[in-house]
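From a predicted model like this one, the values you see are computed outputs, not experimental measurements. Computed from heavy atoms alone, side chains included, the values below leave out hydrogens, waters and symmetry copies.
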Amino acid sequence: MVRPQWIGMLLLCLVVAGVFAWLGQWQLGRAIDTDPPPPGATEQVRSLDEVAQPGEYLPEPLVGQRVGTAGSWVPGDFLIVESRFNDGVEGYWVTGQLRLSAAVPTPTPDAAGASSGASGRVGPQPTSIAVALGWASTEDEALAAIERLEAEASDPRVLVTVSGRLISDEGPLPPPSGADPQTMTRMSPAALLGRWHDVDGLDVYRPYLASSAPFGGLTAIASPAPDESSNVNWLNIFYAAEWAVFAGFAFYLWYRLARDAWEKEVEDLEDAAAEGDGEPEPTAS
């Protein structure tokens with residue numbers, strides 16, 4: 001072990017172990033949130049552009065955050081999402097494309113869930129967000145609500161304010177076997193974007209907004225406050241422990257290689273000695 005080649009190997013293992021230890025410390029630092037959001041933070045209505053930006057994923061602590069924004073509905077983009085449960089009852093969501101206005105009010109909801117505006121701002125580029133406007137128990141009820149919403153959206157100058165929870169994209173799924181190919185069972189802005197109109201040069205939010213106040217005569221979507229999450233991420237702690245094991249294994253690997261080399265040398269010496277003892281004695285001629 002004190003030969004130069006094994007001391008060099010030890011130094012290399014020290015470097016490797018140091019890298020593993022740093023990775024473990026990095027994972028441990030990420031495992032504990034030293035600045036968690038205060039209790040009830042998701043229930044404070046914030047401006048949409050303060051919480052998320054178009055095209056960006058919604059960070060975990062902000063999932064379910066109540067936000068407010070304003071804009072106008074895009075006619076022809078009211079679509080139905082099936083298999084949506086409201087207080088345990090299966091039904092339908094009616095969704096729409098809300099084209100955000102250049103000056104977006106930050107609504108402050110009243111006791112009934114309606115909202116009034118204060119000034120905010122979204123960039124000049126056209127920007128939209130998918131909104132779940134309400135729940136219907138039957139498809140006919142959902143279609144009737146779409147007719148009312150289309151009539152209201154016929155005038156693009158009409159500005160509506162929306163307040164609700166910001167929720168991550170659920171991801172698209174293929175329609176059930178035998179169903180209409182256009183059937184949607186997941187609330188996915190990415191899937192809705194493929195069926196919206198007037199999307200050239202459009203910025204779209206990845207999460208969607210579940211409105212707290214229903215539109216078009218629909219029923220309000222049941223959307224309770226998200227559970228308060230722990231500030232300890234056990235998965236990161238598990239990764240940190242793994243890196244510590246890897247660092248220890250680097251030293252064990254050095255020891256095992258050195259011992260194997262030593263055992264081989266001892267074995268060679270013993271074999272050489274055995275061969276020497278077994279040589280026949282010379283005879284006189």
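- When all heavy atoms of Ala225 and Glu43 are compared, the closest pair comes out as CB-OE2, 3.3 Å.
- Among all heavy-atom pairs drawn from Ala130 and Met187, the shortest one is CB-CE, 4.2 Å.
- Panel note: side chain Arg165, backbone Ser223; a donor-acceptor pair is recorded below 3.5 Å.
- Distance check: Leu193 CG to Leu202 CG gives 7.0 Å after rounding to the nearest 0.5 Å.
- Both Val131 and Leu149 are part of a single hydrophobic cluster, where members link through side-chain heavy atoms under 4.5 Å apart.
- When all heavy atoms of Leu166 and Ala52 are compared, the closest pair comes out as CD2-CB, 3.9 Å.
- Clustering ILVMFWY residues whenever any of their side-chain heavy atoms sit less than 4.5 angstrom apart, transitively, puts Phe246 in a cluster other than the one holding Trp254.
- Salt bridge status for Asp77 with Arg195: absent, with no side-chain N to carboxylate O gap under 4.0 Å.
- Considering all non-hydrogen atoms of both residues, Ser168 and Val63 come closest at OG-CG2, 3.5 Å.
- Looking at Arg186, its side chain never comes within 3.5 Å of a backbone N or O of Leu173 through a donor-acceptor pair.
- In this structure, Ser72 contributes its side chain and Arg157 its backbone to no donor-acceptor pair below 3.5 Å.
- With rounding to the nearest 0.5 angstrom, the CG atom of Leu218 is 10.5 Å from the CG atom of Asn86.
- Rounded to the nearest 0.5 Å, atoms CH2 (Trp6) and SG (Cys13) are 9.0 Å apart.
- Residues Ile80 and Leu143 have side chains in contact (heavy-atom distance under 4.5 Å, counting atoms from C-beta outward).
- In this structure, the side chain of Glu150 engages the main chain of Gly76 through a donor-acceptor pair within 3.5 Å.
- A donor-acceptor pair under 3.5 Å is formed between the side chain of Thr95 and the backbone N or O of Leu79.
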(request) Take Ser188 and Glu170, measure what side-chain contact (heavy atoms from CB on, under 4.5 Å) needs, and give me the verdict at the end. (result) CA-CA 5 Å; Ser188 171; Glu170 296 177 0; 5.5 Å; no

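- The local environment of CD in Glu242 is crowded, with over 12 non-hydrogen atoms from other residues, nucleotides or ligands closer than 6.0 Å.
- Here the options are Trp26, Phe251, Trp243, Phe249, the test is ring pair (Phe, Tyr, Trp, His ring centres under 6.0 Å), and the partner is Phe20; only Trp243 passes.
- The six-membered or imidazole ring of Phe215 lies near that of Trp73, with a centre-to-centre distance under 6.0 Å.
- Thr127 places a side-chain N or O within 3.5 Å of a backbone atom of Gln125 that can act as its donor or acceptor partner.
- A distance of 11.0 Å separates CH2 in Trp196 from CZ in Phe78, rounded to the nearest 0.5 Å.
- Residue pairs meeting the salt bridge (Lys or Arg N to Asp or Glu O under 4.0 Å) criterion with at least one member in residues 254-268, sequence neighbours excluded, are Arg3-Glu265, Arg256-Asp260, Arg256-Glu263, Arg259-Glu263, Lys264-Asp268.
- From Tyr92, atom OH reaches atom OG of Ser83 across 7.5 Å, with rounding to the nearest 0.5 Å.
- Nearest heavy-atom pair across Trp135 and Glu141 is O-OE2, 4.4 Å.
- Between Ala247 and Ala21 the shortest heavy-atom distance is CB-N, 4.5 Å.
- Looking only at distances, a side-chain donor or acceptor of Gln65 sits under 3.5 Å from a matching main-chain atom of Gln44.
- Expressed to the nearest 0.5 Å, how far CG of Leu48 lies from CD of Gln53 amounts to 8.0 Å.
- Other residues, nucleotides and ligands contribute only 12 or fewer heavy atoms inside 6.0 Å of the OH atom of Tyr252.
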